[in-house]
Amino acid sequence: MKYNFLEIEKRWQDYWAANNTYQAATNSDKPKYYVLDMFPYPSGAGLHVGHPLGYIATDIYARFKRHQGYNVLHPQGYDSFGLPAEQYAIQTGQHPAITTENNIKRYREQLDRMGFSFDWSREVRTSDPSFYKWTQWIFLLLFDSYYCQNEDRAQPISKLVKIFENAGNLQVLAICDADTPKFSADQWCAMKADQQAKILLHYRLAYLAETEVNWCPALGTVLANDEIVNGVSERGGHPVTKKKMKQWSMRIGAYAERLLQGLEKIDWPESLKEMQRNWIGKSVGASVQFEVADHDETITVFTTRPDTLFGVTFMTLAPELDLVLKIASTDQKEAVEAYIAATAQRSERDRMADVKTISGVFTGAYAIHPFTQQKIPIWIGDYVLAGYGTGAVMAVPCGDQRDYDFAKHFNIPIVNIFDGADISEAAFSDKSGVKLMDSDFLDGLDYKQAVKKVIEVLEAQNRGRGTINYRLRDAIFSRQRYWGEPIPVYYKDGLPQPLALEDLPLILPEVENYLPTSEGAPPLGNATDWAWDTQQHKVVSNDQIDHQTVFPLELNTMPGWAGSSWYFNRYMDAQNSDAFVSKSALSYWSEVDLYLGGSEHATGHLLYSRFWQKFLYDYELVPVDEYAKKLINQGMILGTSAVAYREHGTQNYISKNKIEGRAVEPIRVDVSLVDASDQLDIEGLKKWQPQFASATFELEANAFIVEREVEKMSKSKYNVVNPDQICETYGADTLRMYEMFLGPIEQAKPWNTAGISGVHSFLKKFWRLFHADNKLLVNDQPAAAEDLKIAHQTIKKVTEDISAFSFNTCVSSFMICVNQLTSAKCHSREVLEPLVVLLAPFAPHIAEELWQALGHKTSVTQASYPKYNPDYLVESTKEYPVSFNGKMRFKAAFPLAMNQEQITALILENEQTQKYLEGKAPKKVIVVPGKIINIVS
RNA sequence: GCCUUGGUGGCGGAAUUGGUAGACGCGCUGGAUUCAAAAUCCAGUGCUGGCAACAGCGUGUGGGUUCGAUUCCCACCCAAGGUACCA
């Protein structure tokens, strides 16, 4: 019988679907294990061989855990809101829901073909109202919450209102915007309702505020910081400018410290944790208040070096600050205004491009040093960012290189406060080793002592305090797009009013046109039925808006990261219509045990989702505050492009090794036209594209050889390899094993179809251990000790390697095993049966087939994982490499039971040893039992 | 610049706590089988010299520790990813 993978794979895939083989039990006495992939955005291009890499790895692990007796949750779904479907809708008018549905169908067909053990009964789609109902629900919960610093967690906003009624906000410890006004209880109670509502927006975790945003005119939408790469939009590469807009934001900054601390207890890659740490950007220092001379203003600066306070010779403000124009002197006003205008004109990209240029303008105003009372000139400069700290820095040129450069450039005095430091060429920014001088009460103190002392004094005099600053910005949550979750809010007197939880989901309306309206409102502005009737609790026509009982709904939608910030919880109880997840499902499944996805989500999805989880945890809605115990980043599979060289200005193509200095240009050709030895199929090429039909080819050794180049897989580089095609020629089992065999899962590695034959012939060899012609070779006779040893060595190695996620070495072990058993002509059931189960996670189809051939009536999925028997692995003698002065010379075998002294005595008598020693006595003999013998002469 | 990860044959990649570097696969060379092909099987394959036995050199570079270093320490070079006037 031949190994007919096409027939086998089809049959077992149908069987698994018909029998719900991989459905996770809701109630089970077994221990649970939750294996999760980052769910895909269903793009129109379908899958290429790079996409399933991670799914194969998790599938192997999920199957492995099932064999080990775990109740495994291994779900899959779609992050189905997103830009491409909307762009397609703009171009063609096809509703994004239809595009998305079609793409999902294609994805599903491709995924099914690879034999994944997903529990599809738990599938989620972020664009499905039954799912986004709960995304909206979480949003409303965030809107209804503030961050209480006393308890260090989110609390209902009603609690804050109580506090305001009793004591105002003078004493309250809650995270809020910097510009929040201060008020007493009496003042609060005297306020009108809309005034109170405005104040509460300064505290809510989901809030509406006028913010400086990254505006992308080409896409017509706002982008988050992590959606911008090198100053242009990540999607499409369009320019991005700054713009002030009223936007929904998420107060993720409130969770900065907990997001930082949480990293300590999760098993995630170090590089990824480091990325998140940098993104959060914690700095410890002090805020110091400087009064402005002749003005009733105070400037607060943040500094990480409060010890250098006596080295301050000027101050720099971000040009964007409102304060700047208030304090600028009459004679400098013109220059200041010109500078502000120039800064505003510059795009983000320009500003990043020349960080070297020093620019700034003196405001004509002076600050008063809190201790020396000296007048300090106030400058503005675009090296100070409005968005970080307070947008103002105290400049200490002797201790900070940028301040130093700025001072040199504008001839501002530099004073040295570091005893013995040389600041003639550059600032002295080293924190250790020197003591302060000319610093009043800090004289003679080192960095640590001085920081402590100065903060004490500042706090005692109420001129500043110890402060911690985070780089992490609050996340903009509004998008001016159609294809996203509607924000469940309507507007009354210009203020946002939440829908009631019972009124969810607020379903995305139909629109005629997916572009912004002519007035520049988001696409939802095109909807004719987009008003909220507060009495009937439903969406009604815009005509009925009366601002009494019917109000306009929010036109912005949520960003792409909304649904993905909590979807992993939904899989636990995907069909629930009464709760986002039931308590019982949460208490059983609890958290993701293994999460696998790309590192490109480090500062986006993987940070936002941790934030939402912590928020849900504060309300005891989830049992743990970190949702993924272990995370692995899979590396990309790169394409191996094929390049044919064409002689310049001709249609003559030259084989790789015949170029020799001739003028040629590289032309990429389809990789499927090139074989394992880089030989091009010329006839195929001529049929592929008409431009090659009349081309001529200069061969070498009767073949045309192409150049190879490793780069990202992409349609335009003709290096995309389609998994369907591989499944057709080699089968899904071969594809699965080959993708694992390519290299370590975390590493980026090139795809090369040529290498796949090795893995495919392994499966054929494995098959031939069971079948020959038309009969089953497997016998029930006891196996030879040698053969059992081969099997159990493999079981040991593979089990250890799967546990360590080293799947590539597993495949190698299988190959060694099958080669040995083939030469041993071993067909014993005792040896082969456990190997079928061992192989099942990697190549499930062939394993099912062979399992059945061995006479089993149930799926191999139900078989328990083989345990290796150490008795079979015991060796009585060991061959030692014998080295002289560390260099290996020959091998000698000794019983393993022999101790060091016995081996030492024997090796010195050895004939070969004598030859190498040439009669001299050795200086030293080193014997490491089980490992090596080294003789030092 | 800073942070993180990595650098091993023609290629993808192996190598437990320092102990035979190059497992396994691809490719290549030779052979068997075949009328022939496909398929399959066997042998060889780090580099240099040599018919050979063998010798020398070899894990980015230069040092160090050690009987012994791909592995540990120091300095440097290169690549990938992240980040960027963060006070």
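Predicted model only: the values in this text are computed from it and were never measured. Per chain, numbering begins at 1; letters A, B, ... match sequence-line order.
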[atom1] atoms of [N] and [M], separation to the nearest Å:
N     : M     : atom1 : value
B:G68 : B:A21 : C1'   : 14 Å
B:C47 : B:A52 : P     : 14 Å
B:U59 : B:G9  : C1'   : 10 Å
B:G82 : B:G27 : P     : 35 Å
B:A37 : B:U45 : P     : 27 Å
B:A23 : B:G12 : P     : 15 Å
B:G7  : B:U71 : P     : 11 Å
B:C77 : B:A39 : C1'   : 49 Å

In the strands shown, is [N] matched to any nucleotide by a Watson-Crick or G-U wobble pair with both distances under 3.5 Å, and which?
N     : answer
B:G49 : B:C54
B:C28 : B:G44
B:U20 : none

Output the rounded distance in Å from [atom1] ([X]) to [atom2] ([N]).
X      : N     : atom1 : atom2 : answer
A:M740 : B:G12 : CE    : C1'   : 14 Å
A:H760 : B:C26 : NE2   : P     : 13 Å
A:F406 : B:C85 : CZ    : C1'   : 12 Å
A:N934 : B:C67 : CG    : P     : 10 Å
A:D403 : B:C86 : CG    : P     : 10 Å
A:E600 : B:U4  : CD    : C1'   : 16 Å
A:M815 : B:A14 : CE    : C1'   : 13 Å
A:K924 : B:U66 : NZ    : C1'   : 9 Å

*Tell me whether the centres of the aromatic rings in A:W751 and A:Y738 are closer together than 6.0 Å.*
yes
*Test the A:K764-A:Y3 pair against the cation-pi criterion, namely NZ or CZ under 6.0 angstrom from the six-membered ring centroid and within 45° of the ring axis.*
no
*Quick one: ring pair (Phe, Tyr, Trp, His ring centres under 6.0 Å) partners of A:F770, sequence neighbours excluded?*
A:F766
_Just confirming the chi classification of B:G12, syn or anti, using 90° around 0 as the syn window._
anti
Tell me what [X] touches on the nucleic acid: a base, only sugar-phosphate, or nothing, going by heavy atoms under 4.0 Å.
X      : value
A:N469 : nothing
A:K891 : base
A:M888 : base
A:T303 : sugar-phosphate
A:S757 : sugar-phosphate
A:S271 : sugar-phosphate
A:R473 : nothing
A:P269 : nothing
A:K282 : nothing

*Check the angle between the aromatic planes of A:F290 and A:H369 and answer parallel, tilted or perpendicular using the 30° and 60° thresholds.*
perpendicular
*Quick one: which residue pairs count as a side chain to side chain donor-acceptor pair (under 3.5 Å) with a foot in residues 387-401 of chain A, not counting sequence neighbours?*
A:S283-A:Y388, A:D400-A:R402, A:Q401-A:D405
Side chain of [X] only, heavy atoms from C-beta on: which candidate in [options] is closest?
X      : options             : value
A:K765 : B:G56, B:U4, B:C41  : B:C41
A:Q747 : B:G13, B:G12, B:A23 : B:G13
A:I932 : B:U4, B:G19, B:G13  : B:G19
A:V928 : B:C41, B:A84, B:G19 : B:G19
A:R402 : B:C86, B:G56, B:G19 : B:C86
A:W279 : B:G12, B:U83, B:G82 : B:U83
A:I926 : B:U4, B:C67, B:A87  : B:C67
A:F741 : B:A39, B:A87, B:C24 : B:C24
A:R768 : B:C67, B:G25, B:U40 : B:U40
A:I816 : B:A15, B:C67, B:C24 : B:C24

*What about A:K931: does its side chain form a donor-acceptor pair under 3.5 Å with the base of B:U17?*
yes
*asked:* Checking ring-ring contact (aromatic ring centres under 6.0 Å, His included) between A:H760 and each of A:F741, A:W767, A:F5, which is the one that passes?
replied: A:F5
*Relative to the 5' end of RNA chain B, which residue comes earlier, A:V759 or A:S599, by the nucleotide with the nearest heavy atom?*
A:V759
*Could you check A:V936 against A:E800 and say which one's nearest nucleotide on RNA chain B is further toward the 5' end?*
A:E800
*Candidate list A:D307, A:T308, A:T303, test side-chain hydrogen bond (donor to acceptor under 3.5 Å, both in side chains), partner A:R305, passing option*: A:D307
*Count the heavy atoms of every other residue, nucleotide or ligand shown that sit under 6.0 Å from CE of A:M898, and state whether that count exceeds 12.*
yes
_If you count every heavy atom of other residues, nucleotides or ligands that lies below 6.0 Å from A:R465 atom CZ, does the total exceed 12?_
no
*Let me have a per-nucleotide readout for nucleotides 44-49 of chain B, 5' to 3', with B, S or -, counting only protein heavy atoms under 4.0 Å.*
------
_A:Y339 versus A:S359, side-chain donor and acceptor atoms under 3.5 Å_ = yes
*Pair A:N819-A:K765, side-chain donor/acceptor within less than 3.5 Å*: yes
